[in-house]
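Report on one structure; see the data block that follows.
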Amino acid sequence: MKKKLSVKNLVVSFRTPAGKVQAVRNISFDLHEGETLAVVGESGSGKSVTSKAILGILAGNSIIEGGSIVYDGMDLLKITEDEFYRIRGDKIAMIFQDPLSSLNPIMRIGNQLTEAMLLKGEARQKSCKDAFNSTLALLGDEMVAVENNPALKEMCANFDKFEFKHIELESAYNTAKESAVEVVDEIEDVLFYIEKNAFKDPKYTLEEIARLAAATVNEYVVTGADADKIKALSAELKKNASADVRKKDYTESVRILKEIQEIIKPVLEKEMPDFFSMGYFLTFSGQKLPQMPVSELNEYLLNYLNEHFMNEFKSHVVKALENSAKRHMELKAEAVKVVEANRAVLESDNMDKKACDAAIDTMVKAVEASIDKLEIRKDGVAYTFASTIKAAVNTYFEGIPKNAKAAKLHDKQQKKYDKLVAKGKTPTWKVTPSTAVDLDVAKATITAAIDRLLEHYEELLAGGNARDFLAETDELILFFKENASGSVHKVTKEMAKHRAIKLMEEVGISDARTRYRQYPFEFSGGMRQRIVIAIALAADPDILICDEPTTALDVTIQAQILELINKLKKDRNLSIIFITHDLGVVANMADRIAVMYAGKIVETGTSEDVFYSPAHPYTWALLSAMPDLETEERLEAIPGTPPNMIYPPVGDAFADRNKYAMQIDFEMQPPEFKISDTHSASTWLLHPDAPKVEIPQIIQNRIARMKAKGGASNE
């Protein structure tokens, strides 16, 4: 499965008056396309901190001490806020625990739903235009370079030329089609308010409907005799509006509105023409468009485009992609040599800042030269190498003076503390740590960044050019078409309103047209959470992060919200990170589960692995504390409390609460033991020399009941 998000060796801490709290400690996981990954653990285990790091919304006292979060070739820990603006809420959206805190209490629900659409629309247009122009320029240069044929430059210019026509045609179509959507939506509103005797600002509203109706006239939207009728009805409505407003009798206006609605509603179901192919035909054929149904016209235009341009163009693109891949593979091999030759400078016991900067500059130039920018699917490891290695080295060198300052403060406070103790007093405060930055961790992060790149490049080099360049060519052409369309797709207020109402209906809110104008306090808790989900979906994200979305709801509503999230995942092919403290909540929705404790992932596996074959004592404890209506067994509370992460334990953080703990659990952190290709856990109980410990009977009984019901499967 394609990776959508990759978290590697993430370390997050927080500055507090009592010292530095280590919230997330070196965690790694991947999220795949169309997958639900559940992150489960007690409060304070680091779940929400991880999700906020992904969205770039950590508190001001947070410290990102290491790691990377890679999405679409970008390390989200290293990008600017402007770059994050194009991702947060657009590509990655989040649902928070308390829906009321996510909503503005004095702003209508409808306005809150449309706000994101309107804000993101303009940014998306610019992004699409830039992506189209820059990629086409790269492709043209590569095609000419491969075949040493200047005529190919003209072929790219022709591609760009007919794309201008495509954009012109599609822009006019979008204006008319969106006007049709808006006018139907506005008429439904007006008819509703007239019926309820609540029609406000009637003159302006009726004139606006008349304007929108006239704007629907287009060769592929409202055409022929219908176009003449709409023009006449629009003029009649505009003329009639003032008279009806004076009389406060809208009988005549209602008649006109219903006639307009009757003509335009069927238009919304019409098939969209292939403006991409049409753009080529009208630009280069010298002929008029043949008169035929849209489905037949699309087929005719596509065949014409392929025969006269696209088949030849694709053959050149395939050669360009093959050559680009081959050339960049050679540059990758060279980059491996450069990185290997310079890594010793960054791993020396006596690192020098100038020497490190020079080595990094040499490495980064080699790696960036090896990136094939014609690949639509970005190589996240290569793209983020520069920011990752620079940040890791800066953390190390900035840590040296910080540690010196921290050591002085520690000594000063320690003397004061010792004096108070000598006088028989018990201080209520704690001495700050003697170090602010763990230099060993910083150096390990540098080494990990280098190793990760080398391993990735060596794997690519070993695979050679085992790629389907014809399929990649089709993907590239689709990329051009989508970005050309995206560059002219403008979101208006009326269109945003229409989408908002559709979203409300999609998340299960009845009578959406009325509720669109209501305030948050007029909704129940479950309905507010549905609104928050609709807001999160407004920009059609790739990834949805659900942070305890059912905790504040009663059990019945919880089930409805979980069912809704599952449905949306399938309908929209979403990738979901679902955060919860309740293992039972994710039993029927998670594809994989990561169990977190004290900032670490202690067990990962499929839902079947974790529910049917749990391996870590903490997972056992979570399962034994899970409510079960089919047994009279008492729930087992987890004894004790999580450790103080200002002073994280040397060994297994769960050792003090684990009745199966061995001496080594208090002395050394357990490594990750692989149980199967999908299942692993970090517990010394999996060591070959560890004593055999059976899963507690209460959990064995629950597993037997779940297997009998098929309860862990989310299929």
Side-chain angles (χ1 to χ4, degrees), residues 124-125 128-129 131-133 135-137 139-140 143 151-181 215-227 230 264 266-321 376 468-490 495:
R124 192 180 294 112
Q125 279 184 281
C128 287
K129 185 177 180 181
F132 178 91
N133 290 335
T135 307
L136 183 60
L139 179 62
M143 286 166 62
L152 293 177
K153 202 74 174 176
E154 185 181 353
M155 184 167 257
C156 281
N158 286 342
F159 185 93
D160 196 24
K161 189 183 293 184
F162 83 75
E163 271 296 357
F164 272 111
K165 190 63 178 177
H166 162 207
I167 288 170
E168 177 190 321
L169 293 166
E170 191 164 329
S171 181
Y173 172 85
N174 285 342
T175 299
K177 185 66 178 285
E178 288 171 8
S179 294
V181 171
T216 64
V217 175
N218 175 274
E219 190 174 356
Y220 300 101
V221 185
V222 177
T223 62
D226 284 343
I230 284 295
I264 293 180
V267 165
L268 304 182
E269 306 302 322
K270 278 187 177 181
E271 183 177 356
M272 180 178 176
D274 178 1
F275 292 114
F276 179 73
S277 300
M278 189 185 292
Y280 179 81
F281 184 89
L282 292 176
T283 304
F284 295 107
S285 73
Q287 304 172 37
K288 290 184 178 181
L289 278 174
Q291 297 300 309
M292 56 181 70
V294 171
S295 58
E296 294 178 21
L297 179 64
N298 285 347
E299 185 178 354
Y300 173 83
L301 292 174
L302 180 60
N303 289 335
Y304 187 92
L305 170 66
N306 287 337
E307 182 181 342
H308 291 83
F309 178 83
M310 193 56 71
N311 290 338
E312 183 186 356
F313 183 68
K314 282 184 178 180
S315 69
H316 294 301
V317 174
V318 168
K319 291 177 185 176
L321 293 182
I376 298 302
D468 185 345
F469 291 104
L470 187 57
E472 288 188 30
T473 296
D474 288 336
E475 190 175 0
L476 185 60
I477 299 300
L478 180 62
F479 169 85
F480 284 130
K481 290 171 69 175
E482 288 177 346
N483 280 281
S485 296
S487 68
V488 296
H489 192 76
K490 185 177 180 181
M495 195 66 193

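These numbers come from the heavy atoms of this one structure, side chains and all, not from hydrogens, waters or symmetry mates.
Applying the side chain to side chain donor-acceptor pair (under 3.5 Å) definition to pairs two or more places apart or across chains, those involving residues 155-166 are E163-H166, K165-E168, H166-E170. Within the structure, side chain to side chain donor-acceptor pair (under 3.5 Å) pairs that include any residue of residues 300-310 do not occur (at least two apart or interchain). Screening residues 269-287 for salt bridge (Lys or Arg N to Asp or Glu O under 4.0 Å), with sequence neighbours left out, gives no hits. Screening residues 281-297 for side chain to side chain donor-acceptor pair (under 3.5 Å) gives no qualifying pairs among residues at least two apart or on separate chains.
Applying the salt bridge (Lys or Arg N to Asp or Glu O under 4.0 Å) criterion to D226, with sequence neighbours excluded, gives no partner residue. By the ring pair (Phe, Tyr, Trp, His ring centres under 6.0 Å) test, F309 pairs with F162, Y280, F313, sequence neighbours left out. For K319, the side-chain hydrogen bond (donor to acceptor under 3.5 Å, both in side chains) test picks out no residue, with sequence neighbours left out. Qualifying salt bridge (Lys or Arg N to Asp or Glu O under 4.0 Å) partners for K481, counting only residues two or more places apart in sequence or in other chains: none. Applying the side chain to side chain contact (heavy atoms under 4.5 Å, CB included) criterion to A215, with sequence neighbours excluded, gives S179. Annotation: side chain to side chain contact (heavy atoms under 4.5 Å, CB included) contacts of L470 (sequence neighbours excluded): V318, D468. For K153, the salt bridge (Lys or Arg N to Asp or Glu O under 4.0 Å) partners at least two apart in sequence or on another chain are D141. Residues that satisfy the salt bridge (Lys or Arg N to Asp or Glu O under 4.0 Å) test with E475, not counting sequence neighbours, are R377.
Within the model, atoms CE of M310 and CZ of F276 stand 3.5 Å from one another, a figure rounded to the nearest 0.5 Å. Put simply, CD on E472 and CG on L321 are 6.5 Å apart, with the number rounded to the nearest 0.5 Å. Rounding to the nearest 0.5 angstrom, the gap separating the CG atom in L297 from the OH atom in Y220 is 5.5 Å. With rounding to the nearest 0.5 angstrom, the CE atom of M155 is 5.0 Å from the NE2 atom of H316. Taken from CG in L476 to NZ in K314, the straight-line distance is 10.5 Å, to the nearest 0.5 Å. M272 contributes atom CE, which lies 8.0 Å from atom NZ of K177 (distance to the nearest 0.5 angstrom).
When every heavy atom of N483 is checked against every heavy atom of A131, the shortest pair comes out as OD1-CB, 3.7 Å. Of all heavy-atom pairs between A320 and L139, the closest is CB-CD1, 4.2 Å. The heavy-atom pair separating C156 from L136 by the smallest distance is O-CD2, 4.0 Å. The minimum heavy-atom distance between A180 and V267, with the atom names listed, is CB-CG1, 4.5 Å. Nearest heavy atom pair, residue L305 against residue S277, reads CD2-OG, 3.6 Å.
The shortest distance between side-chain heavy atoms of L289 and L301 falls below 4.5 Å.
Heavy-atom neighbours of F479 CZ from other residues, nucleotides or ligands within 6.0 Å: above the threshold of 12.
Between the T473 side chain and the F469 main chain, a donor and an acceptor come within less than 3.5 Å of each other. The backbone N or O of E312 sits less than 3.5 Å from a side-chain atom of S315, completing a donor-acceptor pair.
Using bins of under 30°, 30° to 60° and over 60° for the plane-to-plane angle, the ring pair F132/F159 lands in the parallel bin.
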